[in-house]
Amino acid sequence: MATLKFPEGFLWGASVSSYQVEGGIEQCDWSKEFPAGKACDYYNNYEKFFNLAQELNHNTHRLSLEWSRVEPREGEFDEQALLTYKYMLQYLHRRKIKTFVTLWHFTLPLWMEAKGGWLSPEMPQCLARYAKKCAEVLGDEADFWITINEPMIYTTMAYVLGEFPPREKSAWRAMCLVKSFPRVHGAMYDAIKEVLPQAQVGWSENYSYIESYDKNFLARTLTRIWDYIRNGWLLDRTKDKQDFLGVNYYFHDRVKFKFRYPYIFVQNVNKQVSDIGTEIYPKGLYYVLKKLSKYNKPIYITENGIADAEDKKRTRFIKDHLFWTHKAIGQGADVRGYLHWSLVDNFEWQNGFSPRFGLVKMDYETLTTTVRGSAQIYAQICSTNQLEM
Ligand code: BGC
C-alpha cells in the first residue's frame with residue numbers, strides 16, 4: 001500500500017450550484033420548462049449542508065449565486081438575497097471553510113432572457129454590473145471568484161445540441177457566443193477587481209481529454225485542431241485575466257472525423273461507465289493537468305464527479321482521480337485543491353433529479369439526507385491530506 005501526500009494547505013471540498021440545490025427559484029429561464037421545485041431546499045437549510053461539509057472534513061466549499069434572486073428586475077438588487085448569501089459565506093468561514101463563489105452557473109434571469117440572453121450586446125455590462133454589486137456586498141467573504149461556469153459546455157448544450165434553454169440549434173450563434181466569452185469574462189473580472197483589487201478571480205471550464213480514434217496523420221491533425229478549439233482557444237484569449245484555472249473534469253472523448261463534419265465518440269476504453277453512460281477515465285485528468293501547467297497558474301479542480309446512485313463506483317472514482325492528480329503535481333502541475341461534484345444529490349439539468357452525483361444522498365420527498373460510504377472515505381483523505389492506495 002502506498003501513501004501519497006498532498007501539498008500542505010491543499011484545499012478539499014465539494015461543489016454545488018444555485019439552481020441545482022437551492023429550491024424556490026422561479027424567475028429564471030430554466031424554471032418554465034425545467035422546474036426544479038424545492039430541489040434540496042438548500043437556500044433555507046444551508047446550515048445543515050454546511051455542517052455536513054464540516055463533519056466530512058471539507059475545508060472548502062463552492063457554491064453559486066443565483067442571478068435571478070440577486071437582481072430580479074434589471075438594475076434592481078435584492079439586498080436581502082445578497083445578505084443571505086453573505087451569511088452563508090460567513091457561516092462557512094466561521095467553520096474554517098474557504099469559499100469559491102460562482103457568479104454565473106447556467107441560469108439567466110427572465111429579464112435577461114427577454115433581452116436575448118448571452119447573445120445580447122448588453123451581456124458584458126449586465127454581468128459586470130451584477131459582479132460589481134456582489135463584490136461590494138460580499139467582499140472578502142468570497143476567497144475565490146468564478147465568473148462563468150463552463151462556457152464551452154453551455155455553448156454546446158444551448159446552441160449546438162439545443163438541450164439547455166434557449167434550445168436553439170445554430171452553428172452561427174454558437175460561434176458568436178464563444179467569441180463573446182472573453183469580453184464578458186473580462187468585464188466581470190475588471191468589475192470585481194475595481195472593488196477588490198486583491199481578489200482571486202478566474203473561471204471554471206470543462207476540459208475533456210481528447211484523442212484521435214483513427215491513427216492516421218490526417219485524423220490526428222484534425223483531432224489536435226478540435227482539441228485546441230474545445231480546450232485551448234478560449235483560455236488563450238482570457239489567460240491574462242485568470243488568476244487561477246478552475247478545472248472541471250468529466251470527459252474522455254475519442255474523436256472520429258467522418259466525411260465533412262466531426263463526430264465525437266465517447267468510446268469506453270475500460271468499459272467502466274457512470275449511471276448516465278459517461279466513461280470513467282481518471283488518467284485523462286492527468287493529461288489535462290499536465291497540459292494546463294504551461295500557463296503557470298495555480299490550478300483548482302472545481303468539479304469532478306460521477307452519477308452513481310448505488311455508490312458502488314464513487315470511492316474508486318475519487319481515489320483514481322486523486323492518484324492521477326497527485327502524479328501530475330509530482331511532475332510540476334501547480335494543483336492546489338480538489339472539489340468533488342457534488343456535496344449532495346441535486347437537479348441534474350435536462351436530466352432532472354434521477355442522476356445521483358452526491359457524496360450525500362438526498363430524499364427529495366422528505367428532504368432527509370444520508371451520508372454515503374464514499375463520502376466517509378473521502379472525509380479521511382480530506383482530514384489526513386493524503387491518499388492510501
Ligand atoms: C456542471 C454541473 C453538472 C455536472 C454533472 C458540470 O458540467 O457544471 O452543473 O451538474 O457537470 O453533469
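One-based numbering, in listed order, for ligands and for the atoms of each.
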* For Leu339, which fellow cluster members are found when Ile, Leu, Val, Met, Phe, Trp and Tyr are connected by side-chain heavy-atom distances below 4.5 angstrom, either directly or through intermediates? -> Leu11, Phe100, Phe144, Ile146, Phe244, Tyr300
* Do the rings of Tyr91 and Tyr46 sit parallel, tilted or perpendicular, given the 30° and 60° boundaries? -> perpendicular
* Asked: Does the side chain of Tyr364 come under 3.5 Å of the side chain of Asp345 through a donor N or O and an acceptor N or O?
  -> no
* Quick one: do Lys32 and Glu113 make a salt bridge, cutoff under 4.0 Å? -> yes
Distances under 3.5 Å, N/O of ligand 1 against N/O of the protein: list each pair and its distance.
| from | atom 1 | to | atom 2 | distance (Å) |
| --- | --- | --- | --- | --- |
| ligand 1 | 7 (O) | Glu150 | OE1 | 2.5 |
| ligand 1 | 7 (O) | Glu150 | OE2 | 2.9 |
| ligand 1 | 8 (O) | His105 | NE2 | 3.2 |
| ligand 1 | 8 (O) | Asn149 | ND2 | 2.9 |
| ligand 1 | 8 (O) | Glu150 | OE1 | 3.4 |
| ligand 1 | 8 (O) | Glu303 | OE1 | 3.1 |
| ligand 1 | 8 (O) | Glu303 | OE2 | 2.9 |
| ligand 1 | 9 (O) | Gln20 | OE1 | 2.8 |
| ligand 1 | 9 (O) | His105 | NE2 | 2.9 |
| ligand 1 | 9 (O) | Trp349 | NE1 | 2.8 |
| ligand 1 | 10 (O) | Gln20 | NE2 | 2.8 |
| ligand 1 | 10 (O) | Trp341 | NE1 | 3.3 |
| ligand 1 | 10 (O) | Glu348 | OE1 | 2.7 |
| ligand 1 | 11 (O) | Tyr250 | OH | 3.4 |
| ligand 1 | 12 (O) | Glu348 | OE2 | 2.5 |

* Consider only side-chain N and O atoms of Asn206 and Tyr250, and report whether a donor and an acceptor are under 3.5 Å apart. => no
* With distance as the sole criterion, is a donor-acceptor pair present between the side chains of Glu66 and Thr107 under 3.5 Å? -> yes
